[in-house]
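These notes are about the structure you will find just below.
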Amino acid sequence: MRRFPKVELHRHLEGTFPVGRLFELSLKNNLNRPRDFEAFRREVTFPKDSSPDFLAFLSKFHTDWYRSHDDVYFITYHSVRDLVDDGLFYCELRFSPEHFALENDFDREEITRLIVSAGNRAAEETGLNLRYLLTFNRSKQTVEQMLALYERLKRLALPQIVGIDLAGDEINYPPEGFQALFEKARADGLYKATVHAGEVSPPAQIWEAIRSLHADRIGHGTSAIEDPALQELLKEKGIALELCITSNYQTGAWADERNHPIGELYRRGVPVTLNSDDPFIQDTDLTDDYLKAVRFFGFTLEDLIQLNLNALKASFLPPEEAKKLTAEYLARVDAFRRACL
Ligand code: HPA
Ligand code: ZN
């Protein structure tokens with residue numbers, strides 16, 4: 001399962017650090033964190049035996065890890081290097097420039113350029129197909145601040161950045177408040193949009209993310225299982241859900257992994273994709289989510305391939321690139337089958 005070629009649309013750089021590298025950074029920067037590795041790991045992750053809790057989960061994203069540009073380069077490079085260990089073939093990796101820049105007031109443009117260049121180098125070395133999404137966090141900036149940042153980052157004209165994302169606390173910050181940013185991005189036509197919605201909120205927020213924010217995809221959207229009319233809309237418009245079995249359990253979005261809605265939504269023909277979200281915080285990896293999909297929902301190899309084709313179809317690549325990558329993906333799957341026989 002680890003080697004099965006995977007397409008992942010929903011993974012946060014801030015949530016995918018190799019924990020050993022983060023430990024190195026913590027020691028080097030003399031951070032006020034445990035100096036024993038196991039104690040460190042327990043403190044910085046959301047341990048498997050914690051009670052599911054959305055805001056407690058989000059509280060694990062600390063901004064004080066980095067003291068220099070080199071630190072940001074180091075952690076990005078190693079995070080992307082490790083993606084092939086999870087069998088990734090194509091990844092739309094999202095990151096929040098604000099997250100990386102905030103503590104030291106680094107220049108946001110420089111940090112964005114640096115993350116993209118560290119990620120590109122690691123992707124090139126490992127043969128990973130990589131693109132980026134810019135994450136804006138609902139509770140960390142006002143929509144005006146987001147718009148100003150968006151304008152600055154847009155001017156970098158980095159072709160590997162293909163979309164924008166709205167993340168963070170959807171309980172206290174519903175989608176409507178961010179319309180100005182998403183209207184602008186849509187008018188510019190440079191980026192596609194994905195919005196975390198219906199994770200710990202009702203389907204109404206998914207409708208709102210589509211209506212007010214023109215979301216091309218939905219981050220999580222687990223509550224879509226309650227709303228057949230919404231499922232029809234997702235099918236008709238080809239709006240894919242970026243589901244994350246382990247994350248959805250840990251955040252409290254879904255109480256029981258064994259009846260996670262991915263199985264039922266898939267069988268109803270809703271475009272669903274399987275993703276990890278924040279594997280380092282969750283103390284898991286994407287391979288583990290795939291194993292759960294097989295164990296709990298009886299997904300066959302053909303179903304897993306279909307999930308990945310759904311993801312390629314919902315990717316934010318230009319259609320010609322998506323087509324080329326799909327052909328390459330199918331060739332990789334053939335090689336995988338041959339290796340397994
Ligand atoms: N929800 C909202 N914001 C996030 C998440 C999530 O699951 N993970 C990282 N940022
Ligand atoms: Zn997420």
Side-chain angles (χ1 to χ4, degrees), residues 8-17 22 44-46 48 50-63 65 75 79 83 86 91-100 102 115 131-141 146 163-175 177-178 181 192-202 205-206 208-209 213 215-224 240-255 257 260-262 272-286 288-289 311 314 316:
E8 187 171 38
L9 302 179
H10 193 131
R11 185 188 284 244
H12 298 257
L13 174 59
E14 304 88 306
T16 196
F17 300 151
L22 199 63
V44 303
T45 61
F46 191 77
K48 285 198 174 75
S50 317
S51 308
D53 184 322
F54 183 59
L55 296 180
F57 181 90
L58 291 188
S59 75
K60 292 290 174 179
F61 292 85
H62 299 286
T63 54
W65 299 116
I75 204 68
S79 298
L83 295 181
D86 225 355
C91 182
E92 286 181 8
L93 184 64
R94 58 190 75 194
F95 67 94
S96 156
E98 190 62 20
H99 164 93
F100 287 93
L102 187 67
I115 288 171
R131 296 291 182 277
Y132 307 87
L133 311 177
L134 296 173
T135 287
F136 294 86
N137 189 311
R138 308 163 121 105
S139 63
K140 308 288 183 197
Q141 288 186 300
M146 289 178 184
I164 61 169
D165 164 45
L166 187 66
D169 173 5
E170 66 171 343
I171 299 175
N172 296 300
Y173 300 85
F178 304 93
L181 172 67
K192 299 248 200 167
T194 178
V195 175
H196 284 70
E199 180 182 14
V200 288
S201 67
Q205 285 219 15
I206 303 175
E208 203 53 40
L213 307 187
D216 297 293
R217 296 197 308 245
I218 296 293
H220 309 295
T222 42
S223 67
L241 300 181
E242 303 159 356
L243 292 163
C244 310
I245 301 172
T246 308
S247 164
N248 294 157
Y249 168 71
Q250 293 193 352
T251 59
W254 200 263
E257 291 181 339
H260 184 279
I262 193 166
V272 291
T273 65
L274 181 55
N275 307 273
S276 63
D277 204 14
D278 301 295
F280 126 69
I281 306 278
Q282 297 154 202
D283 197 15
T284 55
D285 53 27
L286 181 60
D288 186 49
D289 282 298
F316 289 167

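Counting starts at 1 for both ligands and their atoms, following the listed order.
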Task: NE2 (His196) - the Zn ion (ligand 2) - NE2 (His12) angle, nearest 10° - done: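 It rounds to 100°.
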TODO: Examine Phe61 against ligand 1 and note whether any of their N/O atoms are separated by less than 3.5 Å.
DONE: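 N/O-N/O distance below 3.5 Å does not exist for this pair.
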Task: Under 3.5 Å: N/O of Thr251 near N/O of ligand 1 - done: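 No - when backbone and side-chain N and O of Thr251 are compared with those of ligand 1, no distance drops under 3.5 Å.
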Open item on the list: Among all the protein's non-hydrogen atoms, which is closest to atom 10 (N) of ligand 1, and how far away is it?
Closed with: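 Ranking protein heavy atoms by distance from atom 10 (N) of ligand 1, first comes His12 CE1, 3.5 Å.
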- [ ] List the closest protein heavy-atom neighbour of atom 8 (N) of ligand 1: residue, atom name, distance to the nearest 0.1 Å.
- [x]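 The answer is Asp278 OD2, 2.7 Å.
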Have a look at ligand 1 and work out which part of [X], if any, has a heavy atom under 4.0 Å from it: side chain, backbone, both or neither.
X: His220; answer: side chain
X: Asp169; answer: neither
X: Thr135; answer: neither
X: Glu199; answer: side chain

Task: Proximity flag Gly15 to ligand 1, non-hydrogen atoms under 4.0 Å - done: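 No, Gly15 has no heavy atoms under 4.0 Å from ligand 1.
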Any N/O/S of [X] under 2.8 Å from the Zn ion (ligand 2)?
X: His10; result: yes
X: Asp165; result: no
X: Cys244; result: no

- [ ] Answer yes if the ring centres of His12 and His196 are under 6.0 angstrom apart, and no otherwise.
- [x]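 Centroid distance His12-His196: below 6.0 Å, so yes.
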TODO: Identify the residue among Lys192, Arg217, Arg94 that makes a salt bridge (charged side-chain N to carboxylate O under 4.0 Å, His left out) with Asp165.
DONE: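 The option that passes is Arg94.
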TODO: Taking the side chain as every heavy atom from C-beta outward, state whether Thr135 and Leu13 have any atom pair closer than 4.5 Å.
DONE: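 No, their side chains stay 4.5 Å or more apart.
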Open item on the list: Of all the N, O or S atoms in Asp277, which has the shortest distance to the Zn ion (ligand 2)?
Closed with: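 Considering only N, O and S atoms, Asp277 comes nearest to the Zn ion (ligand 2) through OD1.
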